[in-house]
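Everything below concerns the one structure shown next.
Atoms within each ligand, like the ligands themselves, are counted from 1 in listed order. Residue numbers run from 1 in the order of the sequence given.
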Amino acid sequence: MNKIYKIVGNLSAMAVTGLLLFSCTSNPDSAGLEYMPDMYRSPAIEAYVDYGEVRGVQNDAMKNSQSALTPPKHTIPFVGTDTAEVLMSLPYHRLPSAAFAQTHGLFGWDFTKNATADYEYNESAKDKNPLKLTAANSEAIFKKGKELYTANCQHCHGEKGDGNGPMVTSGAYAGVPNYTDRASLGDGQMFYSIYYGKGAMGGHASLVSKKEIWTLVHYIRKFQNSAYGTFNADGTSAAVATAAPSDSTKVDAPKK
Ligand code: HEC
């Protein structure tokens, strides 16, 4: 029995010495022999990469599948530390309308408190644009609005907001309204429709951030009232009130 212990002892000593010797390399920057390389250097998981083949290992179940995971519900994107912007980016407090959820596949919502199809949409008329226009920021907001509008909306709504974008004039699409015919919409309703979609218009929540949607709402107001967002020399709004019941025609004077 003692003999066996001795042999095992010797073999273990040799194995340990061997490991110690082989672990070292002459390269001073090398960590030496890595027993578990994946733990030292975890393979970088990147969004939008096909993980069906990693380091020569094939995994049919993962081929052509989406690698970027959808963030958990109510995740707030990092928008910096500016309080106003953080507040603007909090999860949207309104449910999609029941009708829209059905036609656009937004499942998993509880509509029991929300019997009429457009209850939430009507309620959203009360929401005010949290992005306040001032003489100091209006130019930048309209510039950004134009940029977003050109990229995401113009092909349907048209450069002038008259509903005659190339999608419509080509005959591919119909039913896009002229914004001036919707001047009575509240800011919040516009936000709601852009966020969730309305009728033949799909939701744009995945394409533009909440701040960008509010920026677009200002930009659309300009189609409805060209004086919207212009200021007198004393900083008061030069916009003549339109039929819009919205507060957005009343713009804040710059802080003195
Ligand atoms: C695929 C074409 C299409 C695109 C792209 C599109 N819209 Fe629309 N939009 C429509 C249609 C159609 C309607 C009319 C919906 C209805 O009232 O049934 C509409 C309606 C609206 C309304 C009025 C909503 C209401 O509550 O009455 C607003 C505001 C609006 N769109 C803004 C935008 C903005 C901003 C973008 C870009 C981010 C955009 N749309 C992109 C087709 C589009």
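For ligand 1, the atoms lying closer than 4.0 Å to a non-hydrogen atom of Tyr121 are 25 (C), 26 (O), 27 (O). Counting atoms of ligand 1 from 1 in the listed order, those under 4.0 Å from a heavy atom of His204 are 5 (C), 6 (C), 38 (C), 41 (C). Close contacts of ligand 1 with Ile220, meaning ligand atoms under 4.0 Å from a residue heavy atom, involve 29 (C), 32 (C), 35 (C).
Looking from atom 18 (O) of ligand 1 to the surrounding protein, the closest heavy atom is Gly199 CA, 3.7 Å. Nearest protein heavy-atom contact of atom 28 (C) of ligand 1 is Tyr179 CE2, 3.7 Å. When hydrogens are left out, the protein atom nearest atom 5 (C) of ligand 1 is His155 NE2, 3.3 Å; that is the closest non-hydrogen contact. Summary of contacts: the protein heavy atom closest to atom 27 (O) of ligand 1 is Arg182 NH1, 2.6 Å. Protein heavy atom closest to atom 12 (C) of ligand 1, with residue, atom name and distance, is Gly175 O, 3.4 Å.
Panel detail: atom 8 (Fe) of ligand 1 has protein N, O or S atoms under 2.8 Å away, 2 in number.
By the criterion of a heavy-atom distance under 4.0 Å, neither the backbone nor the side chain of Leu148 is placed next to ligand 1. Of all the heavy atoms of Tyr192, none lies under 4.0 Å from any atom of ligand 1, so neither backbone nor side chain is involved. Here Val208 has no heavy atoms under 4.0 Å from ligand 1, in either its backbone or its side chain.
Arg182 is linked by a side chain to side chain donor-acceptor pair (under 3.5 Å) to nothing, counting only residues two or more places apart in sequence or in another chain. For the side-chain contact (heavy atoms from CB on, under 4.5 Å) test, no residue two or more places apart in sequence or in another chain qualifies with Val57.
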Contacts under 3.5 angstrom, residues 201-211 side chains, donor-acceptor by atom type, not counting sequence neighbours:
{"from": "His204", "atom 1": "ND1", "to": "Gly202", "atom 2": "O", "distance (Å)": "3.0"}
{"from": "Ser209", "atom 1": "OG", "to": "Glu212", "atom 2": "N", "distance (Å)": "3.2"}
{"from": "Lys211", "atom 1": "NZ", "to": "Glu85", "atom 2": "OE2", "distance (Å)": "2.9"}

